[in-house]
Number of protein chains: 2
Amino acid sequence: MDDKTLTAPPSLGFRKPCGACASCDVRTMAVCAALADDEVAELEKIMTSRNLVPDEMLVSEGDPLRRVYSLTAGVLRLSIALPDGRRQITGFLLPGDYFGLADDDVHSATAEAIGAVQLCSFTTRDMQALMERFPKLKDRLHAFTRMALRQARDNQVMLGRLTPVEKLASFLLTLSMRAAEHKLSANPLSLPMSRTDIADYLGLTIETVSRSFTKLRNTGLIQLPEPHIVELVDNRGLQAVAGMDFH
Amino acid sequence: MDDKTLTAPPSLGFRKPCGACASCDVRTMAVCAALADDEVAELEKIMTSRNLVPDEMLVSEGDPLRRVYSLTAGVLRLSIALPDGRRQITGFLLPGDYFGLADDDVHSATAEAIGAVQLCSFTTRDMQALMERFPKLKDRLHAFTRMALRQARDNQVMLGRLTPVEKLASFLLTLSMRAAEHKLSANPLSLPMSRTDIADYLGLTIETVSRSFTKLRNTGLIQLPEPHIVELVDNRGLQAVAGMDFH
DNA sequence: TCCGCGCATTGATTGAAATCAATGCACCGA
DNA sequence: TCGGTGCATTGATTTCAATCAATGCGCGGA
């Protein structure tokens, strides 16, 4: 029966090198959504497909920026490190997200795969040229950048002014919302990243993250059937905790 | 065109309503730097000048976005508030900075004047149209947005992973650098914003901000001739404290 | 001149998150 | 089967920033 699909060599590599865009999972939400079906062929011409294994580094802080990417499967983590090893994760990218919005010549952040990842890869040159040819494409990328800026600013509020439980509640809600937008399961929510990643995203230690999970569980707002799966039991309650309730 | 004679000198104002761009203080660094001298006339046609008195609110969170602004004098603070009154300042805008990069229809942040402020104001419609006419203008705004995104991400690192003294050192250095870029004094650095503003920017309380100032003063890294004027005595030392030294 | 007010600083105390330390548990290879 | 390893959780202790409280100081108005 379907056992075959479950056991078959998973995820890594069902993307076809050509003609794949039309049937792509993220066709409607990624950059390429700016282009009509016939125009996407032009995008496909300059596209190369790339897979990452868990924890593989895509780019490192300081690397010259040569390529930009559209994420088609898996989750990417963006982080910035301090000289002494402290780390801040500035965001998680989901399928349909674009990587390469912020920088010009040099990468200001490190990008690593969380679990297996699939990407469409473009040289900055090619993408630049295509953007000139299809202004819609440029506009969409600009819109993405603006969205990323709003997210980054919301994150500043989270980091600067929320308490640990509030941070976690806010994180879970935001991730759930984004999962929905990206056609992933919003409610039994999957958390592919480790507690360390969550801590480095929220500006906390793993212990405090763990304790905050427990608090949310004990107050009945979430359930944790497994460490990497959360059920948002009381969405409203979570919003109240996250300081995001505007009655 | 004899523009000089037409200019009415209002309270704050050395800006002229017409023909002023050519001699504007921020002509070389603001958005308008994308345009040649003759093209700037087109920008000036759709521009209105506006002054703000200290603490005047330019826009409030949730307001519909109808106009965008280019700051010509003074400092603007951008903030986001939580329902219970907690506040996070996401950035300070200096002369030459642009306001209206992040949002589409609705303002996601409040913008208020710190001290007296002068702005060039444009309707989003007009600016949109001009951007279509002068792609260079659009490109420059996009570049601004990308820069703002990088700043916001650096801020996330600051908020999530630096200690109070590190935060303050980082703030002073960044502000000093930006002041220099904006043709303001970089070393006897002026801090027009209140301690409360600094606290809400760094994610601290005013007391902790004050104590951090004292620590930096006691370690000889800065001097504080007045509460709103800082001398960066040991720039390297400050960088080391700010966790920004890459040997 | 003096009072009151806003703002920054300093001191004392408290409390919450970091740190230190231990346990549990799943997974893996010997 | 049995250690060993990595990760999450929980508990005990410490530390440092928040809170509470007071003082100083410049400024404007009565």
According to a strict under-4.0 Å criterion, is [X] in side-chain N/O contact with OP1 or OP2 of [N]?
| X | N | result |
| --- | --- | --- |
| B:S210 | C:dA8 | no |
| A:S194 | D:dC7 | no |
| B:T214 | C:dT9 | no |
| B:H228 | C:dC7 | no |
| B:T208 | D:dC16 | no |
| B:T205 | D:dA18 | yes |
| A:R217 | D:dT10 | yes |

Report the distance from atom [atom1] of [X] to atom [atom2] of [N], rounded to the nearest whole Å.
| X | N | atom1 | atom2 | value |
| --- | --- | --- | --- | --- |
| B:I222 | C:dA8 | CD1 | C1' | 14 Å |
| A:I198 | D:dC7 | CD1 | P | 13 Å |
| A:D197 | D:dC7 | CG | C1' | 12 Å |
| B:I229 | C:dA8 | CD1 | P | 14 Å |

Donor-acceptor pair between A:S79 and A:R87 side chains, under 3.5 angstrom: no
Ignoring hydrogens and angles, does a donor from either the side chain of A:R211 or the base of D:dG11 sit under 3.5 Å from an acceptor on the other? yes
On a heavy-atom basis, which atom in B:Q156 and which in A:I89 lie closest, and how many Å separate them? OE1-O, 4.3 Å
Does A:R178 count as lying over the ring of A:F92, i.e. NZ or CZ under 6.0 Å from the six-ring centre, within 45 degrees of the axis? no
Chi angles and distances behind the side-chain contact (heavy atoms from CB on, under 4.5 Å) call for B:L162, A:L82: CA-CA 9 Å; B:L162 296 192; A:L82 291 172; 3.6 Å; yes
